[in-house]
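Before I ask anything, here is the structure I am working with.
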Amino acid sequence: GDVPAGVSDAVAFIAALRQAPDKTVLPIGRNVIVIGGGMTAIDAATQVKLLGAECVTIAYRRSKSEMPASLYEQEVAQVRGVLIREHLVPVAFEQAGGVVSGVTFARTRREEGRLIPTGERMTLAADQVLIAIGQTLLASDLADGGLRFENGRIAVDAACRTSLPGVWAGGDCVAGGSDLTVAAVADGKAAAASIIAALQGAAVPHHAGA
Ligand SMILES: Cc1cc2nc3c(=O)[nH]c(=O)nc-3n(C[C@H](O)[C@H](O)[C@H](O)COP(=O)(O)OP(=O)(O)OC[C@H]3O[C@@H](n4cnc5c(N)ncnc54)[C@H](O)[C@@H]3O)c2cc1C
């Protein structure tokens with residue numbers, strides 16, 4: 001159904017926060033629920049808590065030990081007062097007059113390696129909900145040209161060359177990366193060196209023939 005007011009994307013929230021000249025005008029709830037278990041969930045929850053939210057809860061569908069965010073990152077949020085709750089899958093937003101009033105979750109448990117709902121449901125009150133359930137590369141947009149993929153990301157060699165001659169790739173969109181800014185910058189550097197080498201290599205026979 002319709003998403004009530006007060007529910008937003010955590011990455012958009014962080015972008016707005018980073019770019020706000022005056023952080024006091026950002027809309028911050030009292031009871032905030034962050035849905036997800038990665039770096040974005042940790043960042044959003046920690047920032048919203050530091051900006052004055054009274055009660056901030058990260059709700060994750062699996063156990064804490066399975067969170068993409070490391071124990072260190074979980075601690076970064078927890079020492080600032082963020083509560084992390086595990087085994088909760090969101091099933092519905094509760095609302096009053098078009099504004100979010102809570103999130104209803106289905107409890108899960110692990111059985112023979114699979115995550116299954118226990119049948120129990122619970123509702124946590126919230127006046128702000130941030131969704132941090134990950135971003136993925138839309139490989140389908142790029143697949144037409146014959147680009148090779150690996151685990152849903154662009155396959156590259158050490159010089160950041162893709163399977164298409166004349167096309168290099170780097171950063172979060174490539175397979176085997178670490179999803180860090182420093183890695184994206186290093187890829188850019190490696191790709192630039194490889195592009196220069198390719199252009200110079202291509203130029204030699206041309207000049208030799210001229
Ligand atoms: C909340 C959060 C916190 C993070 N914290 C850290 C941190 O503390 N340290 C760290 O090292 N990393 C951190 N990261 C990861 C870091 O942001 C990324 O690894 C880095 O931005 C990757 O750079 P990139 O250039 O590969 O991709 P991006 O920075 O995602 O850039 C891709 C660009 O391509 C654009 N784009 C997408 N599709 C198209 C299209 N079809 N046509 C044209 N343009 C398009 C996008 O709009 C975007 O501007 C964090 C990420 C998030 C979300």
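All values reported here derive from a predicted model rather than from experimental measurement. First listed ligand is number 1; within each ligand, the first listed atom is number 1. Start at 1 with the first residue, then count along the sequence.
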How close do Glu150 and Ala155 get, heavy atom to heavy atom, and via which atoms? OE1-CB, 3.6 Å

Any idea which protein heavy atom is nearest atom 19 (O) of ligand 1, and the distance to it? Asp172 OD1, 2.8 Å

Answer yes or no: does atom CZ of Arg109 have more than 12 heavy-atom neighbours from other residues, nucleotides or ligands under 6.0 Å? yes

Should the heavy atoms of other residues, nucleotides or ligands under 6.0 Å from CG of Leu115 be counted, would the total exceed 12? yes

Could you tell me whether atom 51 (C) of ligand 1 has at least one protein heavy atom nearer than 4.0 Å? no

Please find the pair of heavy atoms, one from Leu147 and one from Leu142, that lie closest to each other, and give the distance. CB-O, 3.9 Å

Near Leu180 (heavy-atom distance under 4.0 Å), the atoms of ligand 1 are 10 (C), 11 (O), 12 (N), 19 (O)

Other residues, nucleotides and ligands only: do more than 12 of their heavy atoms fall within 6.0 Å of CD on Glu66? yes

Considering the heavy atoms of Thr40, write down every atom of ligand 1 situated less than 4.0 Å from one of them. 1 (C), 2 (C), 52 (C), 53 (C)

Should the heavy atoms of other residues, nucleotides or ligands under 6.0 Å from CZ of Arg30 be counted, would the total exceed 12? no

If we count only N and O atoms by modelled type, under 3.5 Å, do the side chains of Ser194 and Trp168 hold a donor and an acceptor together? yes

Please indicate, with yes or no, if any protein heavy atom is found under 4.0 Å from atom 38 (N) of ligand 1? no

Against heavy atoms of Ile14, which atoms of ligand 1 measure under 4.0 Å? 1 (C)

Please could you name the atoms of ligand 1 that Asp179 approaches to less than 4.0 Å, counting only its heavy atoms? 15 (C), 19 (O)

For atom 48 (C) of ligand 1, is the nearest protein heavy atom closer than 4.0 Å? no

Nearest-neighbour protein heavy atom for atom 16 (C) of ligand 1, which is reported as residue plus atom name and distance: Thr181 OG1, 3.5 Å

Give, for atom CG of Asn31 and atom CG of Leu124, the distance between the pair rounded to the nearest 0.5 Å. 9.0 Å

Any protein heavy atom under 4.0 Å from atom 3 (C) of ligand 1? yes

Any non-hydrogen protein atom less than 4.0 Å away from atom 22 (C) of ligand 1: yes

State whether the shortest distance between N or O atoms of Gln135 and N or O atoms of ligand 1 falls below 3.5 angstrom. no

Counting non-hydrogen protein atoms only, what is the nearest one to atom 5 (N) of ligand 1? Give residue, atom name and distance. Asp43 OD2, 4.1 Å

Leu51 side, atom CG; Leu26 side, atom CG - distance, nearest 0.5 Å: 6.5 Å

Can you list the ligand 1 atoms lying under 4.0 Å from a non-hydrogen atom of Gly171? 26 (O)

Is there a donor in the side chain of Thr104 and an acceptor in the side chain of Glu94, or the other way round, less than 3.5 Å apart? yes

Starting at CZ of Arg161, measure out to CD1 of Ile195 and round the result to the nearest 0.5 Å. 10.5 Å

Less than 4.0 Å from atom 26 (O) of ligand 1, is there any heavy atom belonging to the protein? yes

Under 4.0 Å from atom 31 (O) of ligand 1, is there any protein heavy atom? no

Looking at atom 7 (C) of ligand 1, tell me if a protein heavy atom falls under 4.0 Å from it. no

